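Predicted model only: the values in this text are computed from it and were never measured. Chain letters run A, B, ... following the sequence lines, proteins first and then strands; every chain starts at 1.
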Protein chains: 2
Amino acid sequence: MLEARLREAALLKRLLDSIKELVTDANFECNEEGISLQAMDNSHVALVSVKLDALGFQRYRCDRPIPLGVNLASLTKVLKCAKDDDICVVKCSDDADVLNLTYEARSSDRIAEYDLKLMDIDSDTLGIPDTEYDARVTMPASEFTRIVRDLSQLGESVRIEVSKEGVRFASDGEAANGNVLLKQTESAREKYKDYGKDQEEPEPKEEGDDDDDEPKEEDDEDREEGSSKGKKKVKKEKVGGKVKKEAADDVDMDDADEDEDKEKSDDGEEEKDSDDEDSSSKKRKRPTTNGKPAKKAKKGEQGGAPADDGGVFIEMNQHVALTFSLKYLVNFSKSQTLSNTVQLMMSSDVPLLCSYKFGQGEIKYYLAPKIGEE
Amino acid sequence: MLEARLREAALLKRLLDSIKELVTDANFECNEEGISLQAMDNSHVALVSVKLDALGFQRYRCDRPIPLGVNLASLTKVLKCAKDDDICVVKCSDDADVLNLTYEARSSDRIAEYDLKLMDIDSDTLGIPDTEYDARVTMPASEFTRIVRDLSQLGESVRIEVSKEGVRFASDGEAANGNVLLKQTESAREKYKDYGKDQEEPEPKEEGDDDDDEPKEEDDEDREEGSSKGKKKVKKEKVGGKVKKEAADDVDMDDADEDEDKEKSDDGEEEKDSDDEDSSSKKRKRPTTNGKPAKKAKKGEQGGAPADDGGVFIEMNQHVALTFSLKYLVNFSKSQTLSNTVQLMMSSDVPLLCSYKFGQGEIKYYLAPKIGEE
DNA sequence: ACGTGATGAG
DNA sequence: CTCATCACGT
């Protein structure tokens, strides 16, 4: 039996808008950790992976793992029947062949209920190795959208090159060639130093704050969800080393140098942390604040700290240059409705990972590079 | 070698939006005076002529005349990659077969560069005789757009008739006939008296003012050729005269004037210098303030004084009535993004001249009248 | 989120 | 050739 209560139907709507063009049918895999989905796009070139953390729901219950095979076009239709701010409850009995969606107006004076027929879908859930990437670019999702859209007018593919200079997107076409160079923004360095790290944050909390859709409000201050003192504290302890650094630079993140170490340590770290603590409790993550969902995007940015206006942050072990199909990148960029920030991770000869993190989870796209030079 | 730096890419974007449906390929003729373009529309019925004055650029350099043959659809695509407020630098080496466009974000942390392939185009640059027109109507561009769009729903063509009564646009269609009569607005008389005059500012410059497209102005006050000294100075005086009248009836008008002045100063910093002494320098014209470009369009209009909201000004030597294809006029009216004011000039049996003047230049459309009565 | 334009299907 | 659906841009 699955029952998940989402504070705003909008999240699901946006999520489906993000993937429905890429994938027609997919299994939503539900288990006690949350709901995830993984699917190849229709032409088997790209892979999309979505995770919705159980903690991101106002209420979440899943007795035993179940795959929910749905036709995404149908689900989209059903979701269109929800208002953005409706409370959405998704239910499914263990034996049922339908998925039940209930939309409850905030005022509670309207309740709509839909049953979506489920289908059997071959789940070709392939494990994705946790790659260590040579380069990671953290940038405003809108900027990414703009660039790939612009360049897609000129040509079919784009060469993305990360170097000390910055990140360059270049495309050649019949009528014109173009390239866009984004330099690293100094302020972005501070801002994104820990982006994505805290997403695996164990919380000492039960799920009390369930409805905090966006605990992040004050994050500008210390970029993540510095919500309550308590929380923060905990976090600090746990994350320990990493956080400590932040604390140190609270003043104003002086340090640029630290970033990299941190970066690295994080990747491994998060897992570790989780392990330690998660094992005990079942909630192992806290929906983080990282990418601000578009919905609440507008937030004041204080003085020198660029909040969401963006800025580009580049982490690089090694110069990387890969070529990708723009068509897919344009498709990926639709997820900007889910987060204001996108991360591109690349290493030579392995698929690009394009990730949008949002409060309740994350959507990741993988796309293999084109081989010959194009 | 050509290098032109434009403060806002928006100007070029709008310019291309204006003509791209009319013309597919065209030569941008660059010389030290600026950039101009002249082309017949695809069906050789209309002619479009664009001038961008060298002084309208933040920086302009063109060592020797070069024609840049471009496909306008391609150029449009490339321009779509610019944000409106990007600084746009257009470059072309003498021998190059590409036109280089660079977009620099104001913040400078994003630099995009595009190379547009050039092509050879038969330049059928035909000289257009400087006609003396029997009637000239100066009116708000938005009004013109509205009228031709409205009438185009009824019929194919419109009869434009200028008489003492005003200007009448009439169209007959299967289902309905319609006509719109615009009477002259008193305030417009003052306002537009000199519209378009000062753009032909004779300069004590070597090559003389040859390129003046409309020498006929002089009927109003003499203003123009007097400019011996600083052109701006001259202009000011000029405007002064005009304004004076306005002042007489209306305090408000002063404001309008100020706006205009301001407008000018905005256009480029060089202007200031010009004020003091430009006779020495090479600029022979002042980008005029006449039609306010849409970009700055929104300006407060005080009380009773119509600032830019328009008013219709009619100059007529003789009653004129001609019939034109609405399809083309609708197309011409797209230039309202470039200027808030349009001028229609007509004489019996010669092509209509439809002109939009803006800060850096002017766009003119010519359209032959239909012969039989339609 | 809405409106407009473009593309594919009947 | 017309209608409907989908996608993109404002």
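For R146(B), the CZ atom counts as loosely surrounded, since its 6.0 Å shell holds 12 or fewer non-hydrogen atoms of other residues, nucleotides or ligands.
The aromatic rings of Y195(A) and Y192(A) sit perpendicular to each other, their planes meeting at more than 60°, with 30° as the lower class boundary.
A straight line from NZ of K13(A) to C1' of dC2(C) spans 13 Å, rounded to a whole angstrom.
V137(A) places none of its side-chain heavy atoms less than 4.5 Å from the side chain of I160(A).
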Close N or O pairs between protein and nucleotides 7-10 of chain D (under 3.5 Å):
{"residue": "dA7(D)", "atom": "OP1", "partner": "E21(A)", "partner atom": "OE1", "Å": "3.0"}
{"residue": "dA7(D)", "atom": "OP1", "partner": "E21(A)", "partner atom": "OE2", "Å": "3.0"}
{"residue": "dG9(D)", "atom": "OP2", "partner": "R149(A)", "partner atom": "NE", "Å": "2.7"}
{"residue": "dG9(D)", "atom": "OP2", "partner": "R149(A)", "partner atom": "NH1", "Å": "3.3"}

Check: Could you walk me through whether Y365(B) and S335(B) pass the side chain to side chain donor-acceptor pair (under 3.5 Å) check?
Finding: CA-CA 10 Å; Y365(B) 300 95; S335(B) 288; 2.5 Å; yes
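With sequence neighbours excluded, the residues forming a ring pair (Phe, Tyr, Trp, His ring centres under 6.0 Å) with Y114(A) are Y103(A), listed by chain and number.
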